[in-house]
Amino acid sequence: MILAVFTIGGILTIVTLLANVLLVKMTAKESRSCYYPNIFLVIVGLLLLGVASIAPKVDILGAGFGGWGIAALFSAAIGFIITSIIDAYQNVTA
(Lines give C-alpha, C1' and ligand atoms only; values in the text may rest on other atoms or scores of the structure.)
Protein backbone atom coordinates (compact mmCIF):
# COMPACT_ATOMS: atom_id res chain seq x y z
CA MET A 1 0.00 0.00 0.00
CA ILE A 2 2.80 2.43 0.76
CA LEU A 3 4.31 1.81 -2.66
CA ALA A 4 0.98 2.70 -4.26
CA VAL A 5 0.86 5.98 -2.32
CA PHE A 6 4.42 6.85 -3.37
CA THR A 7 3.63 6.03 -6.99
CA ILE A 8 0.41 8.08 -6.96
CA GLY A 9 2.19 10.98 -5.26
CA GLY A 10 5.02 10.90 -7.79
CA ILE A 11 2.66 10.87 -10.75
CA LEU A 12 0.57 13.70 -9.29
CA THR A 13 3.74 15.69 -8.65
CA ILE A 14 4.96 15.34 -12.23
CA VAL A 15 1.57 16.29 -13.69
CA THR A 16 1.25 19.25 -11.33
CA LEU A 17 4.77 20.49 -12.07
CA LEU A 18 4.16 20.34 -15.82
CA ALA A 19 0.95 22.34 -15.42
CA ASN A 20 2.66 24.85 -13.14
CA VAL A 21 5.63 25.38 -15.47
CA LEU A 22 3.28 25.95 -18.39
CA LEU A 23 1.25 28.44 -16.36
CA VAL A 24 4.38 30.29 -15.22
CA LYS A 25 5.57 30.63 -18.83
CA MET A 26 2.18 31.61 -20.27
CA THR A 27 0.82 34.10 -17.72
CA ALA A 28 1.82 37.65 -16.87
CA LYS A 29 4.44 38.31 -14.24
CA GLU A 30 1.91 39.79 -11.81
CA SER A 31 -0.41 36.78 -12.09
CA ARG A 32 -0.45 34.14 -9.38
CA SER A 33 -2.52 31.66 -11.36
CA CYS A 34 0.41 29.24 -11.53
CA TYR A 35 -0.31 28.29 -7.91
CA TYR A 36 -3.95 27.30 -8.53
CA PRO A 37 -3.25 23.61 -9.30
CA ASN A 38 -1.41 23.32 -5.97
CA ILE A 39 -4.24 24.99 -4.07
CA PHE A 40 -6.67 22.60 -5.76
CA LEU A 41 -4.57 19.60 -4.66
CA VAL A 42 -4.46 20.86 -1.06
CA ILE A 43 -8.25 21.16 -0.97
CA VAL A 44 -8.74 17.73 -2.57
CA GLY A 45 -6.17 16.15 -0.24
CA LEU A 46 -7.83 17.54 2.87
CA LEU A 47 -11.26 16.44 1.63
CA LEU A 48 -9.98 12.92 0.93
CA LEU A 49 -8.44 12.71 4.41
CA GLY A 50 -11.74 13.85 5.88
CA VAL A 51 -13.67 11.26 3.91
CA ALA A 52 -11.18 8.56 4.97
CA SER A 53 -11.98 9.18 8.62
CA ILE A 54 -15.73 8.74 8.01
CA ALA A 55 -16.09 6.24 5.14
CA PRO A 56 -15.38 2.53 5.36
CA LYS A 57 -12.22 1.10 3.82
CA VAL A 58 -12.23 1.61 0.05
CA ASP A 59 -9.29 0.73 -2.21
CA ILE A 60 -8.71 2.69 -5.39
CA LEU A 61 -5.68 1.47 -7.35
CA GLY A 62 -4.14 0.01 -4.19
CA ALA A 63 -4.62 2.98 -1.88
CA GLY A 64 -7.54 4.13 0.22
CA PHE A 65 -8.96 7.62 0.50
CA GLY A 66 -6.37 8.50 3.14
CA GLY A 67 -3.53 7.35 0.90
CA TRP A 68 -4.84 9.43 -1.98
CA GLY A 69 -5.17 12.41 0.37
CA ILE A 70 -1.61 12.02 1.60
CA ALA A 71 -0.35 11.67 -1.98
CA ALA A 72 -2.23 14.82 -3.04
CA LEU A 73 -0.87 16.83 -0.10
CA PHE A 74 2.67 15.58 -0.81
CA SER A 75 2.31 16.57 -4.45
CA ALA A 76 0.97 20.01 -3.52
CA ALA A 77 3.83 20.67 -1.09
CA ILE A 78 6.52 19.73 -3.60
CA GLY A 79 4.64 21.67 -6.29
CA PHE A 80 4.47 24.82 -4.16
CA ILE A 81 8.22 24.70 -3.46
CA ILE A 82 9.35 24.12 -7.05
CA THR A 83 6.79 26.50 -8.56
CA SER A 84 7.83 29.31 -6.22
CA ILE A 85 11.47 28.81 -7.21
CA ILE A 86 10.64 28.80 -10.93
CA ASP A 87 8.36 31.83 -10.49
CA ALA A 88 11.07 33.72 -8.61
CA TYR A 89 13.65 33.11 -11.33
CA GLN A 90 11.14 33.90 -14.07
CA ASN A 91 10.29 37.28 -12.56
CA VAL A 92 13.80 38.47 -11.70
CA THR A 93 14.77 41.80 -13.22
CA ALA A 94 18.56 41.74 -13.35
Side-chain angles (χ1 to χ4, degrees):
M1 182 171 145
I2 191 118
L3 183 62
V5 173
F6 284 152
T7 305
I8 293 165
I11 292 170
L12 284 175
T13 302
I14 291 170
V15 170
T16 305
L17 286 177
L18 289 175
N20 290 342
V21 168
L22 286 174
L23 285 172
V24 165
K25 299 285 184 187
M26 293 174 57
T27 58
K29 292 185 179 195
E30 296 83 23
S31 176
R32 297 294 173 235
S33 63
C34 60
Y35 297 105
Y36 290 162
N38 297 324
I39 294 170
F40 174 73
L41 277 178
V42 168
I43 293 169
V44 168
L46 291 176
L47 286 174
L48 285 171
L49 285 176
V51 168
S53 65
I54 298 170
K57 178 72 173 147
V58 176
D59 278 343
I60 304 171
L61 297 175
F65 288 133
W68 278 88
I70 291 169
L73 290 174
F74 167 78
S75 175
I78 299 298
F80 269 125
I81 293 168
I82 294 176
T83 304
S84 64
I85 292 170
I86 293 171
D87 191 32
Y89 281 112
Q90 185 74 21
N91 294 331
V92 69
T93 55

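When a residue number appears, it is its place in the shown sequence, counting from 1.
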Colleague: Out of curiosity, Phe65 CZ to Ile54 CD1, how far, rounded to the nearest 0.5 Å?
Modeller: 11.0 Å

Colleague: Do the side chains of Leu47 and Ile70 join up, straight or via other hydrophobic residues, at under 4.5 Å, putting them in one cluster?
Modeller: yes

Colleague: On a heavy-atom basis, which atom in Gly9 and which in Ser75 lie closest, and how many Å separate them?
Modeller: O-CB, 4.1 Å

Colleague: Quick check on the hydrophobic clustering: are Ile8 and Val5 connected, directly or via other members, by side-chain heavy-atom contacts under 4.5 Å?
Modeller: no

Colleague: Establish whether Val51 and Leu41 are linked, either directly or via other cluster members, by ILVMFWY side-chain heavy-atom contacts under 4.5 Å.
Modeller: no

Colleague: Between Thr7 (side chain only) and Leu3 (backbone N and O only), is there a donor and an acceptor less than 3.5 Å apart?
Modeller: yes

Colleague: If you take all heavy atoms of Ser53 and Gly50, which pair is closest and at what distance?
Modeller: OG-O, 2.7 Å

Colleague: For a side chain to side chain contact (heavy atoms under 4.5 Å, CB included) with Leu46, tell me which candidate from Leu48, Ile43, Val42, Val44 qualifies.
Modeller: Val42

Colleague: Treat each ILVMFWY residue as a node, draw an edge where side-chain heavy atoms are under 4.5 Å apart, and state whether Ile86 and Ile78 are in one component.
Modeller: yes

Colleague: Grab the two heavy atoms, one from Ala52 and one from Gly66, that are nearest each other, plus how far apart they are.
Modeller: CB-N, 3.4 Å

Colleague: Name the one of Ile14, Thr13, Val15 that satisfies side chain to side chain contact (heavy atoms under 4.5 Å, CB included) with Leu17?
Modeller: Thr13

Colleague: What heavy-atom pair brings Pro37 and Thr16 nearest, and what distance separates the two atoms?
Modeller: CB-CG2, 4.3 Å

Colleague: Does anything in residues 31-52 form a salt bridge (charged side-chain N to carboxylate O under 4.0 Å, His left out)? List the pairs, not counting sequence neighbours.
Modeller: Arg32-Asp87

Colleague: Would you say Leu12 and Phe40 are hydrophobically clustered, going by side-chain heavy atoms of ILVMFWY under 4.5 Å?
Modeller: yes

Colleague: Return yes if some donor-acceptor pair links the side-chain N/O of Thr83 with the main-chain N/O of Phe80 below 3.5 Å, else return no.
Modeller: no

Colleague: Test side-chain contact (heavy atoms from CB on, under 4.5 Å) on Ile82 and Asn20 and set out the steps.
Modeller: CA-CA 9 Å; Ile82 294 176; Asn20 290 342; over 6 Å; no

Colleague: Check the surroundings of atom NZ in Lys25: do more than 12 heavy atoms from other residues, nucleotides or ligands lie under 6.0 Å from it?
Modeller: no

